[in-house]
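Below is one structure, written out as structure tokens, with a few remarks after it.
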Amino acid sequence: MIEIPRQKPTFRFAPSPNGSLHLGHALSAILNHDMAAEVGGNFLLRIEDIDQARCTPDFETGIYTDLSWLGLSWQEPVRRQSEHFPAYQEALQTLIARGLVYPAFMTRGEVKAKVAAFEAEGRSWPRDPDGTPLYPSDDRDRSDAERQRLLASGMKHAWRLDMERALKAADAPLHWQEGGDGDTGAIPADPAAWGDVVLSRSDAPSSYHLSVVVDDAVQGITHVVRGLDLFHATSIHRLLQTLLGLPEPLYHHHRLLLGNDGKKLSKSLGDTGIAEWRRQDLSPAELRSRISL
Ligand code: GLU
């Protein structure tokens with residue numbers, strides 16, 4: 001069972017150490033920190049490093065250096081996801097036991113080819129809110145016997161949520177309370193728009209969606225403050241929280257910063273990297289003003 005601490009308002013900044021932090025991260029971190037301070041709450045830091053192939057100790061060190069330079073401090077200990085794989089596995093096992101997830105054997109290439117062949121006939125394959133094609137139904141439709149045979153053969157696989165079954169099991173319209181820079185109030189969740197999402201990858205024993213809901217519960221997060229790019233992902237998080245019996249935090253999805261090219265900032269930085277500001281002897285106050293804080 002996941003133990004859920006009862007505590008005061010608790011916020012978290014949860015970067016992935018797969019690149020250097022940029023001004024968008026600064027905005028997110030400062031907002032979390034300042035909102036926590038305003039209500040006398042906790043500000044926690046979580047390192048989302050389940051993707052061990054892309055996350056590095058150097059990027060992680062950079063996160064601590066950049067945040068300290070910004071004048072932020074957080075409560076220890078920092079939660080590093082790579083140290084908690086058993087917790088995510090336990091949550092996954094709960095869902096497996098309830099028949100709500102299935103092993104997914106198709107490779108990215110196979111999915112791509114299937115979608116391309118379908119679309120070559122002038123039809124359009126359904127896509128999720130991020131524009132990624134939904135996972136085909138082939139693996140969901142397999143018999144139990146065939147699943148067992150493929151698993152026993154040692155074939156590489158991920159675990160995916162059976163969205164239809166999951167929605168039935170949740171058995172209620174889902175909402176979340178939103179207080180951010182986009183739509184606010186009670187937002188109806190639409191997890192079905194994401195299809196059968198991955199909960200555990202073939203190359204990592206968890207996924208972003210699964211670990212984020214487990215960690216928000218374990219860390220007693222009451223307020224999730226993050227960018228509007230994750231607004232729609234909240235639908236999945238509410239569904240998983242409901243299935244796993246986890247508490248519902250309040251959400252605040254904040255504005256995104258755009259680069260000079262009008263695009264969302266990415267980790268390929270240029271002058272938008274926090275470290276670059278430091279190197280140019282600019283002050284944290286100047287940075288705050290650049291991001292209109
Ligand atoms: N690790 C995610 C990111 O760096 C943030 C996850 C979250 O705040 O829920 O974009």
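Counting starts at 1 for both ligands and their atoms, in listed order.
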Exercise. Purely on distance, is any nitrogen or oxygen of P15 under 3.5 Å from one on ligand 1?
Worked result: no

For this session: For ring pair (Phe, Tyr, Trp, His ring centres under 6.0 Å), just list the numbers for H237 and Y208, CA-CA rounded to whole Å, side-chain angles, deciding distance to a tenth of an Å, and then say yes or no.
Result: CA-CA 10 Å; H237 302 168; Y208 161 63; 5.4 Å; yes

For this session: Look at the aromatic rings of F85 and Y88 and report parallel, tilted or perpendicular, splitting at 30° and 60°.
Result: perpendicular

For this session: For residues M106 and P136, determine if any side-chain heavy atom of one lies less than 4.5 Å from a side-chain heavy atom of the other.
Result: yes

Exercise. Which atoms of ligand 1 have any heavy atom of V212 under 4.0 Å away?
Worked result: 9 (O)

For this session: State the atoms of ligand 1, each with its element, that fall below the 4.0 Å cut-off from a heavy-atom position in E48.
Result: 1 (N), 2 (C), 5 (C), 6 (C)

Exercise. Would you call the rings of H157 and F105 parallel, tilted or perpendicular if under 30° counts as parallel and over 60° as perpendicular?
Worked result: tilted

Exercise. Could an N or O of ligand 1 be found under 3.5 Å from any N or O of R12, whether backbone or side chain?
Worked result: yes

Exercise. Which residue, K114, R147, R160, forms the salt bridge (charged side-chain N to carboxylate O under 4.0 Å, His left out) with D138?
Worked result: K114

Seminar exercise, completed: In ligand 1, the atoms that come under 4.0 Å of a heavy atom of S16 are 1 (N), 4 (O)

For this session: Please state whether Y208 comes within less than 4.0 angstrom of ligand 1, counting heavy atoms only.
Result: yes

